[in-house]
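Let me begin by presenting the structure, written as structure tokens, before commenting on it.
Values reported hereafter were calculated over all heavy atoms of this structure, with side chains retained and with hydrogens, waters and symmetry mates removed. Worth saying up front: this structure is predicted, and the values here are computed from it rather than measured.
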Amino acid sequence: MIPVFNEGRTLYRCLHSLSQSDLCSCAKVVVVLDRCTDDSELIAKSFVDTFAAAGVEMAVEHLPADTSGKVAGLLYGGSKIDTKTALLLDADIVLEPTALQELWTFHQESNADFTACLILPLQERRGTLVSHVVCNNRLYRQSVLQSVRNRFGMSNFPGGLQLVDYKKYRDLLEHGFLEDLTATYRAVSEGSQVRILPRVLAREVERQTIRGLFLQRVRWTLGTIQHIPMQVRTARSRKDWNEKISIYSYHVMWEFQYYVMVIAAMLAPWQGTVWPVFLAPYVLYVLQIVRSAVLTRNHYKNSVPGIAAHCALFPSIITTALFAAVGLLVVKRKAFFSSVLLFRRN
């Protein structure tokens, strides 16, 4: 099931990678179009015959006029399938050839309701400093944060790709800017787990401009603010301290650490002999980014200038996104609202 909103730039690669996979476990492909004004529909329909030749039905659907958003797309797409298990796939995900079969085998063997794999950034042929600024964050989130949480059974839905018991997942959904995080907190609160296969089986086409990254992070920050009460309730529902720490680490490591880094670095020049203490969070982050680059060196061709550019710019971008998100909340006076701008890639 692939919900699509103006993803003409990425949808072809997504569907092509899916068509090149082992489709023996795939019964149907459902693409749900949400008010698309680009060539997404044309691209989707161009694959109908390709999947038919492989014995897989493909349906290209439009969301009803009175609905919009990713959650609406997932719910509407779910009404078009009749299998217990569904692969939820974002239109900017490119699959490895063995992804479907490996993930399906893992899903069956783990006997879990929700499974996923590691998702790293897609290596563009002409990587730029900007792409490294963006991509090094995903390398860090997947190779370090997600891997550690998986050890304690506290992984989050990665959003881009997950294999789920659809009816159980449907009950976890709620409209918001971070629907995958809502589903994560609800699943954990109910005692379920998102099991992660520690294999890189998918790659995401990341934002390629600072503006696209900034808009994405404003949206994520809005989702974070919306989810803070739910995060606290979820952490309180767990008795094990490793699990509590893992849950609180979501927003601490995704956003809050950057605020601390930027504010501390700004204050450091006025702290006399203790100024190194104020730079410690920044130094620790740089070491983690270097570590993630080393861990993923066989999957992503990084560069020293790219790592340096990420460490220099990324914390400030995330911190600036906080001010923009708060400003939007003041203007809109609600945590979730309809927005086309915040979903633009570039």
Have [X] and [Y] got a donor and an acceptor in their side chains that come within less than 3.5 Å?
| X | Y | value |
| --- | --- | --- |
| H299 | Q123 | no |
| D180 | N156 | no |
| Y166 | D171 | no |
| E7 | T10 | yes |

- Message: Taking the six-membered ring for Trp, are H132 and Y300 closer than 6.0 Å centroid to centroid?
- Response: yes
Using only atom types and a distance under 3.5 Å, with no angle test, would you say the side chain of [X] pairs donor to acceptor with the backbone of [Y]?
| X | Y | value |
| --- | --- | --- |
| T184 | F157 | yes |
| Q142 | I119 | yes |
| D34 | V4 | no |

Scan for salt bridge (Lys or Arg N to Asp or Glu O under 4.0 Å) pairs involving [range], sequence neighbours excluded, and state none if there are none.
| range | answer |
| --- | --- |
| residues 141-160 | none |
| residues 77-87 | K84-D165 |
| residues 289-313 | none |

- Item | side chain to side chain donor-acceptor pair (under 3.5 Å) evaluation trace for Y258 with N137 | CA-CA 12 Å; Y258 300 109; N137 179 252; 3.1 Å; yes
List the atom pairs, donor and acceptor, that lie under 3.5 Å between side-chain atoms in residues 192-201 and the rest of the protein, sequence neighbours left out.
residue: R199; atom: NE; partner: E102; partner atom: OE1; Å: 3.0
residue: R199; atom: NH2; partner: E102; partner atom: OE1; Å: 3.2
residue: R199; atom: NH2; partner: E102; partner atom: OE2; Å: 2.7

- Taking only residues two or more places apart in sequence, or in another chain, which ones meet R203 in a salt bridge (Lys or Arg N to Asp or Glu O under 4.0 Å)? E96
- Task: Kindly indicate, with the supporting measurements, whether the criterion side-chain contact (heavy atoms from CB on, under 4.5 Å) is fulfilled by V164 and Q162.
- Result: CA-CA 6 Å; V164 301; Q162 48 234 16; 4.0 Å; yes
- Query: Is R186 paired with E190 through a side-chain N to carboxylate O contact shorter than 4.0 Å?
  - Reply: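 The answer is no: the pair does not qualify as a salt bridge.
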- Message: Please evaluate residues V277 and L279 with respect to the criterion side-chain contact (heavy atoms from CB on, under 4.5 Å), reporting the C-alpha separation (whole Å), side-chain torsions for both, the decisive distance (0.1 Å), and the verdict.
- Response: CA-CA 5 Å; V277 176; L279 292 182; over 6 Å; no
- Shortest non-hydrogen contact between G8 and I43, atoms and distance: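 Taking G8 first and I43 second, the nearest heavy atoms are O-CD1, 3.4 Å.
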- Taking only residues two or more places apart in sequence or in another chain, which ones pass ring pair (Phe, Tyr, Trp, His ring centres under 6.0 Å) with Y140? Y285
- Task: Carefully, step by step, assess D90 and K70 under the rule side-chain contact (heavy atoms from CB on, under 4.5 Å).
- Result: CA-CA 10 Å; D90 278 4; K70 185 176 179 180; 2.9 Å; yes
